[in-house]
Amino acid sequence: MEKEQADAAGEDEEPPVSRNLSGPPETQVMTDPPVVIWEDEVRQLLHYQALLPRLEEALGKFSRRDSAEVIQPVRTTITLQKHHGFLGLMPSYMENDGILCTKLVCFYNREAGSTLPATQATVLLLDSEYGNVKAVMDGDAITNMRTAAVSAISAKLLMRPEAEVLAILGTGNQALSHYNVFTELFSFKEVRVWSHTREGAERFRNSVSGPVTACVSVEEAVRGADAIVTVTRCTEPVLFGQWVKPGAHVAAVGACRPNWRELDDVLMKEAVVYVDSREGAMAESGDVIRSGAEVFAELGDVINGTKPAHRGKTTVFKSLGMAVEDAVSAKLVFDQWKSRNSHT
Ligand SMILES: NC(=O)C1=CN([C@@H]2O[C@H](COP(=O)(O)OP(=O)(O)OC[C@H]3O[C@@H](n4cnc5c(N)ncnc54)[C@H](O)[C@@H]3O)[C@@H](O)[C@H]2O)C=CC1
Ligand SMILES: O=C([O-])C1=[NH+]CCC1
């Protein structure tokens, strides 16, 4: 039958969900269009209980530097000068796990005048063999949860087990995700928060279910704290070593540019400094680069048992965010989505 006749008869129509990639017949593959999984659904599908062990495993794999396990370059960043922002490209390939993924994240400098949110992210999960996009996901829910979960892993490894007081500096999205996972995993007797505006701290206090002390100064929030999370949009130091209790653990999450700071030189030099990626920290962390502090280890080295966890000393975990964290999170979301939709 001629093609036109077949079309008219509806006999050679493609299934609506498939696409025939062009090329010689032996290389043609059928691909489904990507599914779109947006914020509310990502939140429903992603749970810390499943996420935490996957992240811990990914951090360990990354630090082994075995290219069959993880290929992850340092984030490529371009400046969006007009909008006081940056676009970060975060690809990763985990060959043994069959995960190919990239995140696109824009982030903005509020102190330079941006009124935009701190981050705006999208995650693309690809078929690791054919290269087609399997899923397009809201990246903000993933970024908030995976970043907080990695900070919680740093606390599990580096914080003193008898820790009683948690201080959170900043009261935005990351503050909330950090509050959620830290209070889910650990039993703090007191949680304190500080924001650069009094309303910010009050709003945060009213938005969570547990008791929170809203503090009017950073010093009030961190004096005597056993764990301190910095999740601000500061570009100058806000946490000073003179206020930090010896032996405290600091998870430093903001200040992700080489000239941005959250922590002062005293703290950076007195603490044992852990990072997610050495290369990332040397390229992107103003706290590391400008203080000249030595990076002692990656979190993955501690997980792999190749570097010790100095729980008795003051420790800083400088987080910049890694593509493998997004990749294993996106895989988890997609697998959950598939099992939820396989019955419908
Ligand atoms: N390490 C990582 O993997 C990631 C880091 N980040 C960074 O974490 C930080 C927080 O992100 P979000 O919670 O999403 O932002 P957000 O905008 O939701 O909250 C930021 C908080 O910082 C406070 N803040 C703003 N300007 C300040 C200033 N000049 N001094 C003190 N506090 C100030 C705000 O009041 C707010 O409480 C940002 O710096 C962001 O770039 C975000 C995603 C991943
Ligand atoms: O890992 C991440 O997504 C980011 N780190 C800094 C801003 C966004």
Side-chain angles (χ1 to χ4, degrees), residues 55 59 72 74-77 84-92 101-123 137-154 168-180 193-205 207 214-218 221 229-239 250-258 260-263 275-277 280-281 283-288 299 316-327 329-330:
L55 287 170
L59 293 168
Q72 180 201 278
V74 173
R75 181 166 38 220
T76 299
T77 307
H84 311 294
F86 304 88
L87 166 64
L89 305 177
M90 302 176 66
S92 65
C101 188
T102 190
K103 185 165 84 175
L104 315 172
V105 57
C106 287
F107 51 105
Y108 298 95
N109 184 349
R110 184 170 166 147
E111 292 197 342
S114 174
T115 53
L116 295 170
T119 60
Q120 179 73 252
T122 306
V123 175
M137 297 181 198
D138 167 58
D140 285 322
I142 288 177
T143 302
N144 292 338
M145 288 185 71
R146 64 73 151 148
T147 307
V150 170
S151 297
I153 292 169
S154 85
I168 301 176
L169 307 183
T171 53
N173 294 314
Q174 290 288 345
L176 187 60
S177 56
H178 279 73
Y179 173 88
N180 288 338
V193 296
W194 168 84
S195 167
H196 70 310
T197 63
R198 182 181 277 273
E199 304 77 54
E202 283 304 326
R203 207 177 316 117
F204 183 89
R205 191 165 66 152
S207 71
C215 298
V216 293
S217 71
V218 174
V229 172
T230 62
V231 276
T232 72
R233 294 177 72 177
C234 297
T235 54
E236 298 295 331
V238 66
L239 178 61
V250 178
V253 173
C256 299
R257 294 290 301 157
W260 293 0
R261 304 289 302 263
E262 272 189 319
L263 317 183
V275 295
D276 40 17
S277 150
E284 293 190 323
S285 169
D287 287 329
V288 170
L299 219 47
V316 165
F317 166 56
K318 177 58 220 161
S319 158
L320 290 150
M322 295 207 296
V324 286
E325 300 164 3
D326 301 306
S329 307

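Counting starts at 1 for both ligands and their atoms, following the listed order. Residue numbers start at 1 and run along the sequence shown.
From His196, atom NE2 reaches atom SG of Cys234 across 8.0 Å, with rounding to the nearest 0.5 Å. A distance of 10.5 Å separates OG of Ser277 from CG of Leu59, quoted to the nearest 0.5 Å. Phe317 CZ to Thr230 OG1: the interatomic distance, rounded to the nearest 0.5 Å, is 11.0 Å. Here the CG-CG distance, from Asp287 to Leu263, works out to 4.0 Å after rounding to the nearest 0.5 Å. From Asp140, atom CG reaches atom CD of Gln120 across 5.5 Å, with rounding to the nearest 0.5 Å. Separation of atoms OG (Ser217) and CH2 (Trp194) is listed at 9.0 Å; rounding is to 0.5 Å.
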Which pairs of N or O atoms, one from ligand 2 and one from the protein, are separated by less than 3.5 Å, and what is the distance for each pair?
| from | atom 1 | to | atom 2 | distance (Å) |
| --- | --- | --- | --- | --- |
| ligand 2 | 1 (O) | Arg75 | NH1 | 3.1 |
| ligand 2 | 1 (O) | Arg146 | NH1 | 3.4 |
| ligand 2 | 1 (O) | Arg146 | NH2 | 2.8 |
| ligand 2 | 1 (O) | Leu320 | O | 3.4 |
| ligand 2 | 3 (O) | Lys103 | NZ | 2.6 |
| ligand 2 | 3 (O) | Arg146 | NH2 | 3.4 |
| ligand 2 | 5 (N) | Arg75 | NH1 | 3.2 |
| ligand 2 | 5 (N) | Leu320 | O | 3.0 |

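Just one of Lys318, Arg261, Arg257 meets the side chain to side chain contact (heavy atoms under 4.5 Å, CB included) condition when paired with Ser285; it is Lys318.
Taking every heavy atom of Thr143 and a limit of under 4.0 angstrom, the matching atoms of ligand 1 come to 43 (C), 44 (C). Listed by number with element, the atoms of ligand 1 under 4.0 angstrom from any heavy atom of Ser195 are 35 (O). The contact set between ligand 1 and Thr171, taken as ligand atoms under 4.0 Å from a residue heavy atom, comprises 36 (C), 37 (O). Within the listing of ligand 1, atoms 37 (O) sit less than 4.0 angstrom from a heavy atom of Gly170. Close approach of ligand 1 to Ser319 (heavy-atom distance below 4.0 Å) involves ligand atoms 1 (N), 2 (C), 3 (O). Residue contact check: Glu111 has heavy atoms under 4.0 Å from atoms 28 (C), 29 (N) of ligand 1. Near Ala118, with a cut-off below 4.0 Å to any heavy atom, the atoms of ligand 1 are 11 (O), 12 (P), 14 (O), 15 (O), 17 (O). Against a heavy-atom cut-off of under 4.0 Å, Leu320 is close to the following atoms of ligand 1: 1 (N), 2 (C), 3 (O).
Residue contacts with ligand 1, taken as heavy atom pairs separated by less than 4.0 Å, do not involve Gln120 at all. Here Val253 has heavy atoms under 4.0 Å from ligand 1 in both its backbone and its side chain. Contacts between Asn173 and ligand 1, counted as non-hydrogen atom pairs separated by less than 4.0 Å, involve both the backbone and the side chain. Only the side chain of Trp194 comes within contact range of ligand 1, with a heavy atom under 4.0 Å; no backbone atom does. In Thr147, the part holding a heavy atom less than 4.0 Å from any atom of ligand 1 is the side chain. Neither the backbone nor the side chain of Leu169 comes within contact range of ligand 1; no heavy atom lies under 4.0 Å.
Here the closest non-hydrogen pair linking Val74 and Gly280 is CG2-N, 4.1 Å. Nearest approach of Pro91 to Ala323, heavy atoms of both residues: O-CB, 3.4 Å. What you find for Arg75 and Glu284 is that their closest heavy atoms are NH2-OE1, 2.7 Å. Of all non-hydrogen atoms in Ser207 and Leu176, the two that sit nearest each other are OG-CD1, 4.3 Å. Across all non-hydrogen atoms, the minimal contact from Glu262 to Thr232 is OE2-OG1, 2.7 Å. A pairwise comparison of heavy atoms in Tyr108 and Leu116 identifies CE2-CD1, 3.5 Å as the closest pair.
Annotation: atom 34 (C) of ligand 1 to nearest protein heavy atom, His196 CE1, 3.6 Å. Arg233 CD, 3.3 Å is the protein heavy atom nearest to atom 17 (O) of ligand 1. Of all protein heavy atoms, the one closest to atom 43 (C) of ligand 1 is Gln174 NE2, 3.3 Å. Scanning the protein heavy atoms around atom 39 (O) of ligand 1, the nearest turns out to be Thr232 O, 2.8 Å. The protein non-hydrogen atom at the shortest distance from atom 19 (O) of ligand 1 is Gly172 CA, 3.3 Å. Of the protein's non-hydrogen atoms, Cys234 SG, 3.2 Å is the one closest to atom 30 (N) of ligand 1.
A side-chain donor from one of Thr143 and Lys103 sits under 3.5 Å from a side-chain acceptor of the other. For the 3.5 Å distance criterion, the side chains of Glu325 and Thr147 fail to qualify, holding no donor opposite an acceptor.
Between Arg233 and Glu111, no side-chain nitrogen of the basic residue sits less than 4.0 Å from a carboxylate oxygen of the acidic one, so the salt-bridge criterion is not met.
The heavy atom nearest to atom 3 (O) of ligand 1, out of those in Glu199, Glu325, Arg146, is found in Arg146. Ranked by closest heavy atom to atom 10 (C) of ligand 1, the top entry among Thr119, Val231, Thr197 is Val231.
In terms of the side-chain hydrogen bond (donor to acceptor under 3.5 Å, both in side chains) criterion, Glu236 has no residue partners (sequence neighbours excluded).
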